[in-house]
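Throughout, numbering of the chain's residues begins at 1 and tracks the sequence.
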Amino acid sequence: MTAPVFVVEKVPAGPEFVLDGPEGRHAVSVKRLGPGEDVVLTDGRGRWAEGVVKAAEGKDRLVVGDLEAVLEEPEPDVRITVVQALPKGDRGEVAVETMTETGVDAIVPWQASRCITQWRGDRGAKSLAKWRSTARESGKQSRRVRFPEVAEAMSTKQVAALLAQADLAVVLHEDRDTASAALATAPLPEKGSVVLVVGPEGGVSPEELAVFAEAGARPYRLGRSVLRTSTAGTAAAAVLLARTGRWS
């Protein structure tokens, strides 16, 4: 298994660094790391460095040494953004967690017309903060050094504008009245952006489909089974990531 990941504001160039605060507390009191164990320090934006624990002090200070040169993970050739309709309850955090672990590059909350959940005022701000915190913690858990960006919630019009700029625009949708192709056959660009829209439990409305079609998005399906909105984005991202070679 790769070394545990901890987030720092700026990746240290060494030779020694003290990890304290919440991250230090997690390393010392929760992970119980000790001298000789490897760690990775990252800013979550692609920069990272490997180091070795020299000492654990108190309950929240980890002294890290033998820091190698600061490295940077390049942006992927094909960047995958999932536009996620707002699910009910905590399913939004589940979606963010599993999409982060899978390797999605950006997540956009979408206030679709058929969403039961509404993000307004303080509730919206708190929900967005939860999604961003989940992406950060899941990024650490999955040993990523470039965490997915979680954007502000978008309207259908804003999502359409995002789709219009994509090299491949996808809407996960299947019904008897709308022709759709298998996502596994979608023509992936060698470089550029893929934007994938996941609708709510009630599905993408005909009006939304029309707006997205004008923006250049085509409907695609995953298979015969029907997935919940909180799992569809993860499954679709896995199909695309396997085809880009990022899982090789």
Side-chain angles (χ1 to χ4, degrees), residues 78-96 98-99 104-128 130-132 148-189 192-240:
V78 179
R79 179 178 168 85
I80 297 176
T81 297
V82 176
V83 176
Q84 174 67 58
L86 306 180
K88 296 182 292 185
D90 63 355
R91 289 190 175 275
E93 287 93 271
V94 172
V96 172
T98 55
M99 285 192 290
V104 163
D105 301 299
I107 301 168
V108 177
W110 172 38
Q111 189 72 65
S113 62
R114 292 176 176 173
C115 285
I116 295 174
T117 299
Q118 301 289 318
W119 279 13
R120 294 195 180 98
D122 289 343
R123 177 179 180 178
K126 289 179 181 177
S127 297
L128 178 59
K130 284 183 179 179
W131 281 35
R132 286 175 170 168
E149 302 169 12
V150 180
E152 297 279 344
M154 289 190 181
S155 65
T156 297
K157 183 178 180 180
Q158 290 171 318
V159 171
L162 187 66
L163 290 167
Q165 298 172 358
D167 295 287
L168 173 63
V170 171
V171 180
L172 284 186
H173 184 77
E174 182 182 15
D175 63 32
R176 295 178 180 177
D177 300 323
T178 305
S180 61
L183 183 61
T185 65
L188 285 182
S193 64
V194 175
V195 178
L196 186 150
V197 176
V198 178
E201 297 292 353
V204 181
S205 73
E207 295 78 15
E208 290 164 340
L209 279 175
V211 171
F212 295 158
E214 288 183 7
R218 288 190 56 191
Y220 285 88
R221 63 184 181 276
L222 282 171
R224 294 183 179 180
S225 60
V226 177
L227 279 69
R228 301 200 69 159
T229 184
S230 54
T231 55
T234 299
V239 171
L240 297 176

Please round to the nearest 0.5 Å and tell me the distance separating atom NZ of K88 and atom OG1 of T229. 11.0 Å
Give me the atom names and distance for the closest heavy-atom approach of V104 to P148. O-CB, 3.4 Å
Do any N or O atoms from the side chain of D105 and from the backbone of I80 form a donor-acceptor pair under 3.5 angstrom? yes
Which heavy-atom pair separates Q165 from S193 by the least distance, and what is that distance? O-OG, 4.0 Å
Partners meeting side chain to side chain contact (heavy atoms under 4.5 Å, CB included) with D90 (sequence neighbours left out): E93
Determine, step by step, whether H173 and F212 satisfy the side chain to side chain contact (heavy atoms under 4.5 Å, CB included) criterion, reporting the C-alpha distance in whole Å, the side-chain angles of both residues, the deciding distance to 0.1 Å, and the verdict. CA-CA 12 Å; H173 184 77; F212 295 158; over 6 Å; no
Working to the nearest 0.5 angstrom, can you tell me the gap between M99 CE and T231 OG1? 10.5 Å
Between S113 and E208, is the side-chain hydrogen bond (donor to acceptor under 3.5 Å, both in side chains) condition met? List the steps. CA-CA 8 Å; S113 62; E208 290 164 340; 3.0 Å; yes
Qualifying residues under side chain to side chain donor-acceptor pair (under 3.5 Å), relative to Q111, sequence neighbours excluded: Q118
For the side chain to side chain contact (heavy atoms under 4.5 Å, CB included) test, which of L227, V204, L196, V197 pairs with L172? L196
With distance as the sole test, does R91 use its side chain to make a donor-acceptor pair with the main-chain N or O of S230 at under 3.5 Å? no
Taking side chain to side chain contact (heavy atoms under 4.5 Å, CB included) as the definition, give me every residue that meets it alongside R123, ordered by chain and number, with sequence neighbours left out. T117, S127
Give every residue pair that meets the side-chain hydrogen bond (donor to acceptor under 3.5 Å, both in side chains) criterion with at least one member in residues 210-225, sequence neighbours excluded. S180-R221
Using every non-hydrogen atom in the two residues, find where A232 and L222 come nearest and quote the distance to one decimal. O-CD1, 3.9 Å
Partners meeting side chain to side chain donor-acceptor pair (under 3.5 Å) with Q158 (sequence neighbours left out): S155
Closer than 3.5 angstrom, by distance alone: can the side chain of R114 be matched with the main-chain N or O of P200 as a donor-acceptor pair? no
Can you see which heavy atom on L128 is nearest to which on E152, and at what distance? CD2-OE1, 3.4 Å
Measure the spacing between CG of D167 and CZ of R79 and express it to the nearest 0.5 Å. 12.5 Å
To the nearest 0.5 angstrom, please state how far the CG atom of L168 sits from the CG atom of L183. 8.0 Å
Can you name the residues that form a side chain to side chain donor-acceptor pair (under 3.5 Å) with W131, not counting sequence neighbours? none
What heavy-atom pair brings A112 and A85 nearest, and what distance separates the two atoms? CB-CB, 4.3 Å
Which heavy-atom pair separates W119 from G124 by the least distance, and what is that distance? CB-CA, 3.8 Å
Report the C-alpha distance between V211 and K157 in whole Å, list the side-chain angles of each, state the deciding distance to 0.1 Å, and finish with yes or no for side chain to side chain contact (heavy atoms under 4.5 Å, CB included). CA-CA 8 Å; V211 171; K157 183 178 180 180; over 6 Å; no
